Amino acid sequence: MRGADRKAPGPRAALAAAGAIAAVVLAGCSGGTPEPATKPPYTVETIRSGFVSAADLGKGAAAFEDNDHASHTIYTPPNSIPTCPYVQRSDDVKVPVEPAIEPVGGNPTGRFIVAPPKVGPQTLPVVTQGAVVFESTTLAGNAMDAVTAESAKCPATFTILGGPPSIVGDYKTSSRPLELNGWRGFAQHLVHTPPAGLGSDTYDDLITVVVQKANAVLYVGYTQIKKVGERSDTEEKVKDLMTTTLARLG
């Protein structure tokens, strides 16, 4: 999102929000998907083994753990799962909505980022990812239910009037169920358009996938900055990325 430092990768570049994408679009499988590297029940270590890597994005990408939580333009706890990011900055939301849920009884993997050296139009995306692993499928299902219920409160539109220029503007969101390789949950699509007077010719196109399988809840946020008038291709790219990632996890 626009909270990103566009000269160098950092946590602010990655915690950018959420998006929705039709399950029918994501349900397709691309050729050459990898053999599973692990299988349920999951551990923190096995989930990490399936995370998106720098090699998955291509030349120039770098992977690192997000440790600098306090510097985020939009803060969410490191052990939380996203529900409606950026809504905490909104000036016109009528119903209280939490931007993330901190599940009880789970072990977080940590939050990991894969990003290019410079964030902006025509560069690699910023990917934010993490998961929470539970002792049982029941506990994971309860956590997923809580996240899904809170995400359903996310308004279709909201506005941020104050704060850093990178986040001011209009936000549109939508959400749909998602099922892929036995993982079930939802995907959210968020588009951020800055005010006309800001002089920007770009918009932020973000999709966050949150899914559960067995005893784990996993999320992947995919952020692109696109030029106004440029077609959004984030849905297609997320489909390919999630097909690869979730196939590795079995």
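Throughout, numbering of the chain's residues begins at 1 and tracks the sequence. None of the values given here were measured: they were computed from a predicted structure.
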Practice task
List the steps, then state whether side chain to side chain contact (heavy atoms under 4.5 Å, CB included) holds for Leu249 with Trp183.
Solution key: CA-CA 10 Å; Leu249 290 173; Trp183 292 81; 3.9 Å; yes
Practice task
Evaluate the side chain to side chain contact (heavy atoms under 4.5 Å, CB included) criterion for residues Asp233 and Lys226: first the C-alpha distance (whole Å), next the side-chain angles of each, then the deciding distance (0.1 Å), finally the verdict.
Solution key: CA-CA 10 Å; Asp233 59 356; Lys226 311 288 286 185; 3.1 Å; yes
Exercise for the section: In sequence, state the C-alpha distance, the side-chain angles, and the governing distance for Thr128 and Asp66, and then conclude on side chain to side chain contact (heavy atoms under 4.5 Å, CB included). Expected result: CA-CA 9 Å; Thr128 308; Asp66 176 9; 5.7 Å; no
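Annotation: side chain of Tyr75 is not in contact with side chain of Gln88 (no heavy-atom distance under 4.5 Å). You'll find the side chain of Pro195 reaches within 4.5 Å of the side chain of Val168, heavy atoms only. Residues Leu178 and Val209 form a side-chain contact, since some pair of their non-hydrogen atoms from C-beta on lies under 4.5 Å apart. Using a 4.5 Å heavy-atom cutoff, the side chains of Cys154 and Pro85 are not in contact. In this structure, the side chains of Met144 and Val210 come closer than 4.5 Å at one or more pairs of heavy atoms. Annotation: side chain of Phe51 is in contact with side chain of Leu218 (closest heavy-atom distance under 4.5 Å). Using a 4.5 Å heavy-atom threshold, the side chains of Asp240 and Thr244 count as separate. You'll find the side chain of Asn215 stays beyond 4.5 Å of the side chain of Leu139, heavy atoms only.
Looking only at distances, no side-chain donor or acceptor of Thr123 sits under 3.5 Å from a matching main-chain atom of Val119. At distances below 3.5 Å, at least one donor-acceptor pair connects side-chain atoms of Arg111 with backbone N or O atoms of Pro77. A distance-only check finds no donor-acceptor pair linking the side chain of Asp201 to the backbone of Lys227 [under 3.5 Å]. At least one donor-acceptor pair closer than 3.5 Å links the side chain of Ser151 to the backbone N or O of Thr148. Side chain of Gln129 to main chain of Val114: no donor-acceptor pair is present (N/O by atom type, distance under 3.5 Å, no hydrogens or angles). When atom types are taken as modelled, the side chain of Ser90 and the backbone of Tyr86 share no donor-acceptor pair closer than 3.5 angstrom. A donor-acceptor pair is defined here as one N or O able to donate and one able to accept, closer than 3.5 Å; such a pair exists between the side chain of Thr83 and the backbone of Glu98. A donor-acceptor distance shorter than 3.5 angstrom exists from the side chain of Gln212 to the backbone of Ala214, with no hydrogens or angles considered. Panel note: side chain Thr76, backbone Ile81; no donor-acceptor pair is recorded below 3.5 Å. The closest donor-acceptor contact from the side chain of Lys213 to the backbone of Asn181 lies under 3.5 Å.
Both Val133 and Leu246 belong to a common hydrophobic cluster when Ile, Leu, Val, Met, Phe, Trp and Tyr are linked at side-chain heavy-atom distances under 4.5 angstrom. Clustering ILVMFWY residues whenever any of their side-chain heavy atoms sit less than 4.5 angstrom apart, transitively, puts Ile207 in a cluster other than the one holding Leu124.
Taking OG1 from Thr223 and CG from Leu206, the interatomic distance works out to 4.0 Å, rounded to the nearest 0.5 Å. For the atom pair CG (Leu180) and NZ (Lys239), the distance works out to 10.0 Å, reported to the nearest 0.5 Å. Annotation: the span from Ile167 atom CD1 to Ile74 atom CD1 amounts to 4.0 Å, rounded to 0.5 Å. With rounding to the nearest 0.5 angstrom, the OG1 atom of Thr234 is 11.5 Å from the CG atom of Leu190. Summarising the geometry, atom CD belonging to Glu45 is positioned 10.0 Å from atom OG1 belonging to Thr109; distances are rounded to the nearest 0.5 Å. For the atom pair CG (Asp91) and CG (Leu161), the distance works out to 4.0 Å, reported to the nearest 0.5 Å.
Inspection of the Asp170 and Thr159 side chains reveals an N or O donor paired with an N or O acceptor under 3.5 Å. With 3.5 Å as the limit, one finds a donor-acceptor pair spanning the side chains of Ser200 and Thr202.
Sorted by first and then second residue, the salt bridge (charged side-chain N to carboxylate O under 4.0 Å, His left out) pairs involving residues 153-162 (not counting sequence neighbours) are Glu150-Lys153. Pairs passing the side chain to side chain donor-acceptor pair (under 3.5 Å) check and including a residue from residues 50-64, sequence neighbours excluded, read Ser53-Asp56, Asp56-Arg248. Within the structure, ring-ring contact (aromatic ring centres under 6.0 Å, His included) pairs that include any residue of residues 223-250 do not occur (at least two apart or interchain). Residue pairs meeting the ring-ring contact (aromatic ring centres under 6.0 Å, His included) criterion with at least one partner in residues 128-162, sequence neighbours excluded, are Phe158-Tyr171. Legend: ring-ring contact (aromatic ring centres under 6.0 Å, His included) pairs involving residues 221-250, not counting sequence neighbours: none detected. Applying the ring-ring contact (aromatic ring centres under 6.0 Å, His included) definition to pairs two or more places apart or across chains, none involves residues 226-249.
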